[in-house]
Structure formats: C-alpha cells, structure tokens
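Here is the structure we will look at, set down as structure tokens.
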Protein chains: 2
Amino acid sequence: MGAKGLTKEIIVAEAVSCIENTGQPTVSLHELARRLGIKTPSLYNHIKNTKELQYEIFQYAIAQFVANQRDATEGKQKDEAVRAFAHAYYTFATEHRGLYRLIMSIPSEEDERAKEMALPLLDTVVAILADYGLSEESVAHWQRVFRAILHGFISQEDLGYFYYYDAVDLKKSRAIAVDCFLDGLHAGIQRETGIKHENQADV
Amino acid sequence: MGAKGLTKEIIVAEAVSCIENTGQPTVSLHELARRLGIKTPSLYNHIKNTKELQYEIFQYAIAQFVANQRDATEGKQKDEAVRAFAHAYYTFATEHRGLYRLIMSIPSEEDERAKEMALPLLDTVVAILADYGLSEESVAHWQRVFRAILHGFISQEDLGYFYYYDAVDLKKSRAIAVDCFLDGLHAGIQRETGIKHENQADV
DNA sequence: ATTATGAGACTAATACTATTAGTTTGTCAA
DNA sequence: TTGACAAACTAATAGTATTAGTCTCATAAT
C-alpha cells in the first residue's frame, strides 16, 4: 500500500493512550494494530519488536514522571519538598497507573539500557535530600529509603495488600508513612551531625 | 495410559522447585509437563488451569513465608522483634526470589480469594506492633508502613532501581531503612501517647 | 479368571501471543 | 513515464493455554 503517515511516534502515542485507558502496563501488538487500522506485522516496519516499543513507552513514562516531580517540588525545600514529592509521586502513580506499573516492571539487574533511562528518576529526590546537608553517601542511602517507602506503599495498595480499611484510612496511612520517613530522617541527621534539625516537626 | 501416581501435590511441588531454581514467579505448563515426563494437556487431569495452579503455589509460598516470620520473631518483642522480622523478611525474599515475586504478583483488588489466602501475612507483624500498646487503628496504619518499607526496598532492589552502590552499601541502606521505621514509630507513639518509648534507640 | 469401568494418559485442534519471510502496491522523484 | 523505495499486505512459524475426544491400563466386581 504505502504511506499512511504512520510513524514510530504515533505508534508509541497510541500505545500510551491504550495503557492510560486500561491501567495495564502492556498492549498486545494485535490490539495496537487494530486501533491503528493496520495488520499486526505492519508494525514491524516501524518498530523492532515489543521490547523496543516497551523502551519507547518507558522513556516517555519516565519523562512524564520526572517532569511532574520537578514541577511539584519547585521552589520548595526540606520537609516541605519531601511532602510535595511524596504527594506528587502518589498522585502520578494512581492517575497513571499503567505508566507507573510499566516503570516498575521493566528494569532488571542485567538491563543496563533500562537502568540508564531510569536514572533521571533520582535527580529530584537526590536534590531534595542533598539540601539537608547530608553526605553524598547518606543521600544515596536515604533516597533509597524514601523511594522504597513510596513505591512500597503504592505497590502494596495496588496489589490489594492493605486490607480492611477504606480510602480515608489509606490517606491517613500515607500521611503516617511520610511522617515516619521525616522522623527517621531527622533522627538520622541528628545522629550524623549531632544537630537537631530546625525543620523537624515537633507536634 | 493410566496411573503414574501423579497428583496435584506432585505438580505443585515440581512447579515450586522450578520457581525456586529460576527465580521466576511462573512456570509454563509445557516446561512443567516436560519435567514430569508427561504431555502438556495431561496436566489438566489434575489441575483446572494455570490460575488454579498459581493459587496452589501461592498458598504454599504464603505458608512458608509466614512460618519463617513466626520462627524468626518467636520470643522477641518490640524493636528486637521488628528487626528480626525485617531481617527474616529480607532473607526470605532474596533466598526465595521466585516465591516472593509470586506472592507480590498475584493479588489484585478484585481477587477476593487471593486476598483471603494472603491474610496470614499480617498476623506476625500485627502481633509485634500491637505489643507496643498502639490502638487497633494505629496498628493497621503502622503495619502498612512497615510492610511498605520492606517490600518497597526489596522491590526496588530487585528491579535494579538502587544504582551505584554494591552489596555492602545495600546492607547499610537496609539498616537505615529499619532504623528509620523504628524512629518514625517511636515518634508516632510519643505523639499518640505522650510517652517516650523505653525501648527507643538512643544512639 | 474375565470383564467392565474409570482414572489418567494420549493426540488433535483452537485461540491467543510475537515474529519473520516474502509479496504487492502506492507514491514520489528521476 | 517509469523505476525504486517505503510501507502495507498475506502466509507461515513458534510458543503460550486450553478443550475435545480417544485409548489404555489397573483395579474392582462378577
């Protein structure tokens, strides 16, 4: 046939749209082709394989997520920035469930390419934590802890592993989780520097 | 042919063995049949479908995980129990990667059956937290936070999302994460009861 | 001892997935 | 006008799960 004006970008956009709609991190090539009005194998004129397509969507998702985090924490510092980051993180993960799932299902230890693409995910949180005056090593540790809490919370909630309680209680649990991180961080800083942090909540 | 003495239990055991070996949370029926010396469709004489098989393995994994946690924390209380639990949790997740992944990939909100099977996962941690004298609601919140940290940490590590540092540093990050939880918990208890907890680490 | 029944194996076939090979066609440029 | 490439197509392969229907062996009943 020839030109329908189809490009890799259009395919990726359609895949993203699909993922956003379904909340699933994947789309079958069949479904994707159907939506684009072509037959499945024709997709291979524009993409190498599903893995490559996944990478493209992954990159898009990362960019969105990072931009969202940057915007949410811009101009904020320390505890306020931490809270804003946590809120933005949670909001993105729930409003873009499929994209978040994709981000959290792609990389594995061996996949250097995915790892590299995901590196920007660290920037904002590292900047926020560095602002507390922590050593570089401590920042590395605490960004792990922070991101572990955020992802762990969303993941468990997503999996249905929180049981019993409704949305209101979940909100409170989230607040407690963030407070827990901040309390732990303040205590950690105090141990490291011997100084009680001025921004510590003292309720 | 007739009786080879094959049972559902043998199939599940073989699947578990496979999962333990590969670290993957799934086994294909083809591979499973090959290992058992039968043809794929013959499996359906003993199992309903892959979903059912998954449930069986899921149940086994949960039981192992729970027993492991109980053993590890038996006779321990408060911070010591929390640390022991965290250690056991991490050890199980890394030594039984496939089973842990399975546990963390099965349930979703709609799946009431899986949810119910997973409930025992709460018992040990709830018992430990209840011992701090928290209200029932607080226990519910804090078990979420605790399990979120534990799973978040393992998940991020498993995904390769921790970057930069080697195994030694990871160990330190884990210790910081657990300390962070305890500091946060102590602070939370202090807020709730007005009493500084006697077991609080004061390094 | 013979036979009948049923559990549990088998083969064959269907319906999804991704992917490759090879063919056709439409458009644009020489 | 024509030639060539891009990009569509059809056809086929291979790996998943699953169902239908067949065959056979071991055991239980006559």
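Letters A, B, ... are given to chains in the order of the sequence lines, protein chains preceding strands, and every chain is numbered from 1.
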Expressed in angstrom and rounded to an integer, what is the separation of A:Ile11 atom CD1 from D:dA8 atom C1'?
-> 12 Å

Look at A:Ser42 and D:dA7 and indicate whether a side-chain polar atom (N or O) is within less than 4.0 Å of OP1 or OP2.
-> no

Taking atom CD of A:Glu116 as the centre, report whether more than 12 heavy atoms of other residues, nucleotides or ligands fall under 6.0 Å from it.
-> no

Per A:Leu29 side chain, nearest of listed nucleotides D:dA8, D:dA17, C:dT19 = C:dT19

Is the side chain of A:Ser17 donor-acceptor paired with the backbone N or O of A:Ala13 at a distance under 3.5 Å, no angle test?
-> no

Is it true that a side-chain atom of B:Tyr89 and a backbone atom of B:Phe65 form a donor plus acceptor pair closer than 3.5 Å?
-> no

Write down the distance between CD1 (A:Ile38) and P (C:dA18), rounded to a whole number of angstrom.
-> 13 Å

Nearest-Å distance, CG (B:Leu32) to C1' (D:dT16)?
-> 14 Å

Selection from D:dA8, C:dT20, D:dT16 that lies nearest to any side-chain heavy atom of B:His30 = D:dT16

Looking at DNA chain D, which of residues 47-58 of chain A put a heavy atom within less than 4.0 Å of it?
-> none

Inter- and intrachain pairs under ring-ring contact (aromatic ring centres under 6.0 Å, His included), touching residues 25-49 of chain A, at least two apart = none

Those residues that, when tested against B:Phe85, pass ring pair (Phe, Tyr, Trp, His ring centres under 6.0 Å) (two or more places apart) = B:Phe146

Would B:Tyr100 and B:Tyr90 satisfy ring pair (Phe, Tyr, Trp, His ring centres under 6.0 Å), going step by step from the backbone distance to the final call?
-> CA-CA 10 Å; B:Tyr100 184 77; B:Tyr90 181 82; 9.6 Å; no

D:dA8 C1' sits how many Å from A:Leu6 CG, rounded?
-> 10 Å

Is the phosphate of C:dA9, meaning OP1 or OP2, less than 4.0 Å from a side-chain N or O of B:Lys39?
-> no

Is B:Glu52 salt-bridged to B:Arg113, cutoff N-O under 4.0 Å?
-> yes

Are any side-chain N or O atoms of A:Arg70 and backbone N or O atoms of A:Thr124, one a donor and one an acceptor, separated by less than 3.5 Å?
-> no

Can you pull out how bent the helix from C:dA1-D:dT30 to C:dA30-D:dT1 is, comparing the axes over its first five and last five pairs, to 10°?
-> 20°

Examine the base of D:dA6 for any acceptor or donor lying under 3.5 Å from a partner atom in the side chain of A:Asn45, and report the outcome as yes or no.
-> no

Exam field: side chain A:Arg144 to backbone B:Phe153, donor-acceptor pair closer than 3.5 Å | no

What nucleotide among C:dC10, D:dA8, D:dA17 has an atom nearest to a side-chain atom of B:Tyr44?
-> D:dA17

Minimum-distance nucleotide to B:Ser28 side chain [options: C:dA9, C:dT17, D:dT16] | D:dT16

List, with names and distances, any nitrogen or oxygen atoms from the protein found under 3.5 Å away from nitrogen or oxygen atoms belonging to nucleotides 12-14 of chain D.
none

Verdict with supporting geometry, B:Glu80 and B:Arg83, salt bridge (charged side-chain N to carboxylate O under 4.0 Å, His left out) | CA-CA 5 Å; B:Glu80 193 193 356; B:Arg83 290 185 195 282; over 6 Å; no

B:Lys8 NZ to C:dG8 C1', straight-line distance once rounded to whole Å = 15 Å

Quick one: A:Leu36 CG to D:dA8 C1', roughly how many Å, whole number?
-> 13 Å

Show me, pair by pair, the donor-acceptor contacts under 3.5 angstrom made by side chains of residues 53-63 of chain A, not counting sequence neighbours?
unit_1	atom_1	unit_2	atom_2	d
A:Tyr55	OH	A:Asp111	OD1	2.9
A:Tyr55	OH	A:Asp111	OD2	2.5
A:Glu56	OE2	A:Lys8	NZ	3.2

Using the side-chain hydrogen bond (donor to acceptor under 3.5 Å, both in side chains) rule, take A:His186 and A:Gln190 through it: C-alpha gap first, then chi angles, then the decisive distance, then the call.
-> CA-CA 6 Å; A:His186 297 150; A:Gln190 197 175 339; over 6 Å; no

